[in-house]
Amino acid sequence: MSLVPRTRGVAALAVATALALPAATALAGPAAATPRPPDATTSAGPPTDLDAMFIGAHPDDEAGTLSTFGQWGTDHDVSTGVITITRGEGGGNAVGPEEGPALGLIREREERSAVAKAGITDVYNLDEVDFYYTVSEPLTAQVWDRDETLAKTVRILRQTRPEVLVTMNPAPSPGQHGNHQEAARIAIEAYYAAGDATRFPEQITKEGLKPFSPDRILMRAANGTGANGPGCAKAFVAADPSQTVYGVWGGTPAPGGRTWAAVERDAQRVYASQGWAGFPDVSTDPAQLGCDYLTLVDSRTPLPQWGTDAAYTNHAPLDGSLVALPGGLPLGSGMTVDADRYRVLPGVPFTVTVGATAPRTGALKGATARLEVPAGWTVTGNGALGALQPGRSATARFVVTPAAGAAIGTQTRVKAFVQTASGTGYQDEPVLVSAPVTATQQLLPQVAQFHQWTDEVGAEALADIVRPVLTLASGGSRPVSVTVTNHSATVQSGVVTPRPPAGFTMTPASAAYSGLAPGATTTVGFTATNTDTSLKTAVEGGVAGDYLYTIEATSSGATGTTQQAFELVPTATVPQAATAPTVDGVVSPGEYAGPVLDVGRRWEGEACTSATDCSATAQVTWRDDTLFVAVTVKDDVKGTPLATSDCKRHWRTDSVEIAIDPRGTSENTSTTFKAAILPWTAEGGPCYLRDADAHQGDGPTTAPGMKVASKVTEPYTGYVVETSIPMSLLPSAVDPAHMGLNVLPYDSDTQDRTGQTRIGWSVWGGVQGDPYRWGDVRLEGYVPPAGRPTTPSAPVIPTEALQSVDSPQSVEQAVRTNVALAGRPSSSAGERAWVDKAKVRGDIVEVRLRVEDAGTAHIVVRDGAGIAGRLVTPVSGSRSGLATVRVPLTRALGSGASVSVGWDDGAGGTFSSVATPK
């Protein structure tokens, strides 16, 4: 898919080139050698060294873990940094009209202030664009340029050398932000790549960095059930018992006597642009405070033994890496345990390798390895590791045979111990007891891609995070392809039998497969039908929306059973109108002959207190080549009226979003049409826009020919919005038999540009980004015009992001930490420039630069009140090695004035410097 970039003009961050503002002036003089840049005021010098690093997608992604980072810093002197891939320019803004790079400056400032409450000073922005809300990791990877973003992350890890990494959930769990998924996958890949000299070798050969392997990586996510109070870590029960889930309790006192949970809440409130300023206080009762949960992804160092009290302390995620374990191996020791497969078969041997590495500061004497396995399993092998000299490693290989009667589907762990004269180390490896053959319904494209990724990075256990789910129209049928996989070493034949949930049938009742080679897959086909149309659709149906069922596959060894789910989406047949409705905000009799849709079911936010608080219905019809939609909303409080010029980010106030997937097959919203209507503005009338779809922006520009109207009741009890949408505006021709549709009212009872409740027709968390979960609509009698393409047009993706060279906050950090901006390489000697002196001269600041070679200077003058001057200008080298740049001021400078210079050498490198103007 080609991506057409969209450029957003942002007056607040308009940067001038030498054509528009005074350019650099080369000072004449004899040729002179440029002096070395001073460490104190430039980014020259050795980079900072950190202990831990959080890797997320947006400012505020770390906000739910700041209690943990704060405790680690205070109690164990752990220095933590944050890598934030975007500055969140695609998010909302509850504090002003800024968007794009101007909003990026605000959100970066918020993040730095928020994390400082947990003692964090280092935030590394990678300058990728936060283009809009999407649940698609593949789209995110494409927009961000996956390889480049991974390289920048690896570079920062090699520079800052943190032992412990924390990231997000990499799985396409329903409704999860695609940016979050991608950030986690980049973090996990970087964990493996940073220590591999063959990955991004130019960082080593040209930039002088050294490979560095972090000790462990955890994700800020957990699947299971728990309880509040100081025992929350031990009380947590993981859905997968082979997963290691640590809990860090927020009720621990912070300096000053308040709890860390309260400090974390203070930090969260700093994100005012995201509407978080009004978050309520946390409980003062420690028994009501819970844990931050962290799930272990991988570790290269010993761990606290799972199931013992040592695994349930607030510092357990650090133990064996940054905190010494009582009786454990010395800090700096390495330990690994690896099985040659994740799926193991009853009675079939597999290999487990245990590795140990002595710390660089001392030997490990008399090292031996041993395994503990479930009852009935056997272990053979020699665990002798010998005497390990400082920095040296050894491995022991074992053959493990599961019991012939091991329960199919059991998730368990192989426990490993390394005993030495200095102490004992523990590690474990998750395994899944599998039947020789399993059968799984076809995976959604994103889930299939995720499974492929887990195989490639060697994290197969993560694949089980996502349950296989398919949507089915209420009362409808769909083909279901079932994948049959042979996990054994012998050819297999057998029968696949689905056990559909009540209210569904699958035909045929079973299907045979034969001659399936070892490691091979085949498919068998079924047709699923929802026979009970009284079953509830969307999140109200089944178990949180999932109608669970199993598929059995027989084989020569055992029967494999896997769990799947169907999700029902609502359906409607929409007739053609006898005459086109008048778009006036009034639903007149006979205008809409189709069904009345209930669009009042909650999918996110606070529950409606009553039908008068928030509820809604919608009516849909079509005429000629135009779709008509009328939405009647009951509401008791009008949300913030936005200015017509601020008709964007519709979730901040009362609005209605209409989402259309023309062919009902879109993998993400970049090939859909999504329009939002605000029923009123500060100027009085309605406005409309498009967001997170094939072409975003103000309605008249991006959806010419679309009409909107609203009628607000007085006294206020709600409103009606009505629209006509020419189907020529959609990114492809409509499939009249299966058009995806959702109608999503947003309710806000505040005047601070924050929303409270989201309701709709087909509802799940994050459904606005999940086209496959939208309702299924049949346009009765409609035939698209001949020649209208069925392949979607190339989407317009916003690609403008704030660059770190334009952020004084980032430039000042680069000077302090000596880590180059945005994960880009530092400019090499001979290609740098830095500020030497700065002097205020009336309404300008005269900045003298030391220049080694031509490039572009991004100069910001600011004081305690904010930015007072900004200039972006090319600078040429000179014989003297000096150049003067005059930066116009927009106001007089106050106290705390500074000049920051982000230097772009034109070849990918950056250099940073600061000065105090005199």
Side-chain angles (χ1 to χ4, degrees), residues 9-30 32 34-35 37-38 40-43 96-98 101-102 104-106 108-109 802-816 821 832-905 910-918:
V10 184
L13 264 188
V15 292
T17 68
L19 297 176
L21 285 176
T25 302
L27 300 183
T34 305
T41 57
T42 74
S43 55
E98 297 88 353
L105 271 180
I106 292 172
E108 179 183 350
R109 183 171 63 248
L802 177 68
Q803 299 301 293
S804 289
V805 287
D806 290 316
S807 166
Q809 304 163 94
S810 293
V811 171
E812 289 163 6
Q813 175 182 292
V815 170
R816 176 173 53 79
L821 297 169
R832 301 167 299 191
W834 61 94
V835 60
D836 181 59
K837 292 181 180 179
K839 182 174 290 188
V840 180
R841 295 188 180 277
D843 59 356
I844 67 166
V845 173
E846 191 173 84
V847 179
R848 189 172 79 173
L849 300 174
R850 294 280 182 180
V851 183
E852 294 179 337
D853 199 359
T856 302
H858 298 247
I859 307 173
V860 175
V861 181
R862 68 170 180 163
D863 57 17
I867 295 175
R870 177 185 291 276
L871 176 68
V872 177
T873 182
V875 179
S876 300
S878 70
R879 288 177 58 83
S880 68
L882 295 171
T884 296
V885 177
R886 296 174 178 85
V887 182
L889 295 175
T890 58
R891 57 175 173 79
L893 282 177
S895 61
S898 66
V899 174
S900 62
V901 178
W903 178 256
D904 187 333
D905 64 15
T910 66
F911 198 68
S912 300
S913 60
V914 296
T916 300
K918 305 296 184 182

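This one's a predicted model, so the numbers in the text were calculated from it and none came from an experiment.
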Q: Looking only at heavy atoms, which two atoms of V811 and S804 are closest? And how far apart?
A: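 Nearest pair, atom of V811 first, then S804: CG2-O, 3.7 Å.
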Q: Write down the atom of I859, the atom of V899, and the distance for their closest heavy-atom approach.
A: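 Looking at all heavy atoms of both residues, the closest pair is CG2-CG1, 3.9 Å.
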Q: Grab the two heavy atoms, one from A857 and one from V875, that are nearest each other, plus how far apart they are.
A: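 For A857 versus V875, the nearest heavy atoms are CB-CG2, 4.0 Å.
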Q: For P808 versus S900, what's the shortest heavy-atom pair and its separation?
A: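 Looking at all heavy atoms of both residues, the shortest contact is CB-OG, 3.4 Å.
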Q: Donor-acceptor pair, R870 side chain versus D806 backbone, under 3.5 Å?
A: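 Yes, because the side chain of R870 sits within donor-acceptor range (under 3.5 Å) of the backbone of D806.
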Q: Can you give me the closest heavy-atom contact between L802 and E108, atom names plus distance?
A: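 Result for this residue pair: CD2-OE1, 4.2 Å.
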Q: Is any side-chain heavy atom of W834 less than 4.5 Å from a side-chain heavy atom of T41?
A: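 A side-chain contact under 4.5 Å is absent here.
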Q: How long is the span from the CD1 atom in I867 to the CG atom in L889, to the nearest 0.5 Å?
A: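 These two atoms lie 12.5 Å from each other.
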Q: Within the structure provided, determine whether R850 and L882 are in side-chain contact (heavy-atom separation under 4.5 Å).
A: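 Yes, side chains in contact.
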Q: Is any side-chain heavy atom of H858 less than 4.5 Å from a side-chain heavy atom of T910?
A: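 A side-chain contact is absent here, since even the closest heavy-atom pair is not under 4.5 Å.
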Q: So V805 and L821, do their side chains get closer than 4.5 Å, heavy atoms only?
A: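 When only atoms from C-beta onward are counted, V805 and L821 do touch, with a gap below 4.5 Å.
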Q: Quick check: do L105 and S807 have side-chain heavy atoms less than 4.5 Å from each other?
A: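 Result yes, sub-4.5 Å side-chain heavy-atom pair found.
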Q: Does any N or O in the side chain of S912 come within less than 3.5 Å of the main-chain N or O of G902, such that one atom is a donor and the other an acceptor?
A: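 Flag not set: sc S912 to bb G902 has no pair under 3.5 Å.
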Q: Indicate the atoms forming the closest heavy-atom contact of S895 with D863, along with that distance.
A: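 Looking at all heavy atoms of both residues, the shortest contact is O-CB, 3.4 Å.
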Q: Quick one: which of K918, K837, R841 gives a side chain to side chain donor-acceptor pair (under 3.5 Å) with E846?
A: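 By the side chain to side chain donor-acceptor pair (under 3.5 Å) criterion, E846 pairs with just one of K918, K837, R841: R841.
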Q: Output, in order, the C-alpha distance, side-chain angles, deciding distance and verdict of side chain to side chain contact (heavy atoms under 4.5 Å, CB included) for D853 and D905.
A: CA-CA 8 Å; D853 199 359; D905 64 15; over 6 Å; no
Q: Report yes if some heavy atom in the side chain of V885 is under 4.5 Å from a heavy atom in the side chain of V901; otherwise report no.
A: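 With C-beta onward as the side chain, the pair stays apart.
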Q: Kindly compute the distance separating CZ (F911) from CD (E852), expressed to the nearest 0.5 Å.
A: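 Nearest 0.5 Å value for the CZ-CD distance: 7.5 Å.
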